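One structure below.
The sequence lines fix the lettering, A, B, ..., with proteins before strands; numbering per chain opens at 1. What you see below is based on every heavy atom in this structure, not just the backbone, and it leaves out hydrogens, waters and symmetry mates. Since we're looking at a predicted model, the values are computed, not measured.
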Amino acid sequence: GGEFSIHSPAQLRVVLFEKLKISSRGVRRGKTGLSTDVDVLTRLARDHPLPAKILEYRMLSKLKSTYVDALPALVDPRTGRLHSSFNQTVAATGRLSSSEPNLQNIPVRTEEGRRIRAAFAAPSGHRLISADYSQIELRVLAHLSGDPVLLEAFTRGEDIHARTAADVFATLPPAEGRRLAKVINYGIVYGMGAARAARELGVPLAEAQAYIDGYFARYAGVRAFIDSTVTEARARGYVTTVLGRRRYLPELGARDPAVRQFAERAATNTPIQGSAADLIKLAMLEVPRQLAEAGLGGRLLLQVHDELVLEVPEAEVEPAAARVRLAMEKVWPLRVPLRVDVRHGANWAEAH
DNA sequence: TTGCTTCGCCAC
DNA sequence: AAACGTGGCGAAGCAA
Ligand SMILES: Nc1nc2c(ncn2[C@H]2C[C@H](O)[C@@H](COP(=O)(O)OP(=O)(O)OP(=O)(O)O)O2)c(=O)[nH]1
Ligand SMILES: [Mn+2]
Ligand SMILES: [Mn+2]
């Protein structure tokens, strides 16, 4: 064998496709040549034992470099805590972003990742409360589109992600299937094509196209909402959210179809993602207000797009959780009920 | 040493 | 990469 830097995609490309001569049929892409990302290596794993080893190394290396090594060094000695910036003028939709360090992308998917999340712990005598809106952008979509099937589903208390998971990821553990179902549900609404859907679903192209067609047939009001949103955006030059935030999209008038269609997908997404951001920003005002009014001692620690994480004295967890839920669910009435999953634990992994 | 682009991947 | 969208960050590679 030979030596190469396992962290270098460029060197790995040479090893896989030139030294080992693993077939690169249908792999192409990238500005610099053949890709070595997780999709490619997963397929190559059928032809050689190395790609699977690289994938395992990549996963662990990502967790070590980005979280395990980086975060402890950033703990403030004065407070014993991590202090992040929550940026209000970065994301074009009105979401917050988090940086130095980013505390909105703490791992949760894998078992190893959850061990990192578990390191975010409440001080003794306290508990962490995590309160996360259920299916938030699908509910906002139901509100904005008025689609009768979607409205009815939420009125009945249905779980669309779980429904999709049972439909197309029946063989997977329910929690994993549900996360993959989110990619499908949001992907299709925001303009995913059949090629990508086929890969995500693990089915042939024609079947994926049929699934997308079936989706918009079932939720016909969603298709109409997307079309009218884009039409109106092109006429006005911008889209708006529930609380009136605007995003200007001059590329809607571009001659280059790729540029124009990118803007059309952004125009579709922004009213929904941005309205969800409006709601949780209001909730960030309402939750501390309600806790203070009730004489409870909770502190808001983190916002993760549709989730609030609080630190609460152990003795006050139950009343605090009840008020957090109420404040978030009643924050801004829509045509569908808002539901919030509230959990608590000694650390973020338990509470999530 | 610093700053930039590229690749890849973590989360919502 | 692909007709999902929104972010931030580490490592490699390169230029200054
Ligand atoms: N376009 C897009 N948006 C996403 C994706 N994942 C998450 N989001 C957005 C839409 C979600 O409503 C929002 C919050 O993410 P969550 O993981 O909390 O999902 P959601 O609230 O839909 O379901 P939940 O009931 O909380 O499990 O972030 C994605 O893969 N694509
Ligand atoms: Mn949610
Ligand atoms: Mn969430």
Students often get this wrong, so: under 4.0 angstrom with heavy atoms, is A:Ala92 touching a base, only sugar-phosphate, or nothing?
sugar-phosphate
Describe the nucleic acid contact of A:Gly274 in one word from base, sugar-phosphate, nothing, applying a heavy-atom distance below 4.0 Å.
nothing
Report yes if some heavy atom in the side chain of A:Ile160 is under 4.5 Å from a heavy atom in the side chain of A:Leu150; otherwise report no.
yes
Respond yes when some side-chain nitrogen or oxygen of A:Arg247 is under 4.0 Å from OP1 or OP2 of C:dT6, and no when none is.
yes
Could you check whether the side chain of A:Arg265 and the base of C:dA3 have a donor-acceptor pair of N or O atoms closer than 3.5 Å, going by distance alone?
no
Within the structure shown, what part of the strands sits under 4.0 Å from A:Val108 by heavy-atom distance: base, sugar-phosphate, or nothing?
sugar-phosphate
Side chain of A:Thr32 (C-beta onward), nearest among C:dG10, B:dC10, B:dT6:
B:dT6
On DNA chain C, check which nucleotide each of A:Asp69 and A:Phe262 is closest to and give me the residue with the more 5' one.
A:Phe262
Could you check how far OH of A:Tyr67 sits from C1' of B:dA11, rounded to whole Å?
7 Å
Which part of the nucleic acid, if any, lies within contact of A:Arg199, taking any heavy atom under 4.0 Å across all strands shown: a base, the sugar-phosphate backbone alone, or nothing?
base
Out of the candidates A:Val15, A:Val14, A:Leu44, only one should pair with A:Leu20 under the side-chain contact (heavy atoms from CB on, under 4.5 Å) rule; please name it.
A:Val15
With respect to the side chain of A:Ser8, which nucleotide from C:dG13, C:dA2, B:dA11 is positioned closest?
C:dG13
From CD of A:Gln104 over to C1' of C:dC9, roughly how many Å is that when rounded to an integer?
14 Å
What is the nucleic acid contact for A:Glu137, judged by heavy atoms within less than 4.0 Å: base, sugar-phosphate only, or nothing?
nothing
Using a 4.0 Å heavy-atom cut-off, does A:Thr36 contact any base of the nucleic acid, only the sugar-phosphate backbone, or nothing at all?
sugar-phosphate
So does A:Arg196 get a side-chain nitrogen or oxygen closer than 4.0 Å to the phosphate oxygens (OP1/OP2) of C:dA1?
no
Residue mapping more 5' on DNA chain C - nearest nucleotide basis, A:Thr66 or A:Gly191:
A:Gly191
For side-chain hydrogen bond (donor to acceptor under 3.5 Å, both in side chains), just list the numbers for A:Arg127 and A:His344, CA-CA rounded to whole Å, side-chain angles, deciding distance to a tenth of an Å, and then say yes or no.
CA-CA 6 Å; A:Arg127 304 276 283 179; A:His344 55 84; 3.3 Å; yes
Is A:Arg246 close enough and on-axis enough to A:Tyr238, meaning under 6.0 Å and within 45°, for cation-pi?
yes
Within the structure shown, what part of the strands sits under 4.0 Å from A:Glu307 by heavy-atom distance: base, sugar-phosphate, or nothing?
nothing
For A:Ile106, answer base if it contacts any base atom (sugar-phosphate contacts may also be present), sugar-phosphate if it contacts only those atoms, and nothing otherwise; contact means non-hydrogen atoms under 4.0 Å.
sugar-phosphate
CD of A:Gln88: more than 12 outside heavy atoms within 6.0 angstrom?
no
Report the distance from atom CE of A:Met192 to atom P of C:dA1, rounded to the nearest whole Å.
15 Å
Just how far, in rounded Å, is P of C:dC4 from CD1 of A:Ile272?
16 Å
Identify which one of A:Val309, A:Leu310, A:Ile106 satisfies the side-chain contact (heavy atoms from CB on, under 4.5 Å) criterion when paired with A:Leu302.
A:Val309
Checking C:dG7, B:dC9, C:dC4 against the side chain of A:Ser97 (C-beta onward), the nearest is C:dG7
Would you indicate which nucleotide in C:dG8, B:dC10, C:dA11 comes nearest to any side-chain atom of A:His7?
C:dA11
Using the side-chain heavy atoms of A:Ala91, tell me which of these nucleotides is nearest: C:dG5, C:dG7, B:dC10.
C:dG7
Are any of the side-chain nitrogens in A:Arg81 or A:Asp76 under 4.0 Å away from the carboxylate oxygens of its partner?
no
Regarding A:Arg43 and A:Ser23, do their side chains bring together a donor and an acceptor under 3.5 Å, going by distance alone?
no
Specify the separation, in whole Å, of atom CD of A:Gln273 and atom P of C:dC4.
16 Å
Would you say B:dG8 has OP1 or OP2 under 4.0 Å from some side-chain N or O of A:Ser35?
yes
Rounded to the nearest angstrom, tell me the gap between atom CD1 in A:Ile54 and atom P in C:dA12.
13 Å
What interatomic distance, in whole Å, is found between P of C:dA2 and the corresponding atom of B:dC7?
12 Å
Nearest listed nucleotide, side chain of A:Ala10, among C:dG10, C:dG7, C:dG13:
C:dG13
Side chain of A:Ala266 - closest among C:dG7, B:dC10, C:dT6
C:dT6
Regarding the side chain of A:Arg95, the nearest nucleotide among B:dT6, C:dC4, C:dG5 is C:dG5
From CD of A:Glu200 across to C1' of C:dG5 the rounded distance in Å is 13 Å
In terms of side-chain heavy atoms of A:Ser99, which of C:dC9, B:dC7, B:dC9 is nearest?
C:dC9
P atom, B:dT6 versus C:dA1: distance in rounded Å?
11 Å
Kindly indicate whether the side chain of A:Lys62 and the base of B:dC10 share any N or O donor-acceptor pair separated by less than 3.5 Å?
no
Just to be sure I understand the rule, does A:Ser98 reach a base, reach only the sugar-phosphate, or reach nothing, if contact means heavy atoms closer than 4.0 Å?
sugar-phosphate
Considering only side-chain heavy atoms of A:Asn105, which listed nucleotide, B:dT6, B:dC9, C:dG7, is closest?
C:dG7
Report the distance from atom CG of A:Leu44 to atom P of B:dG8, rounded to the nearest whole Å.
12 Å
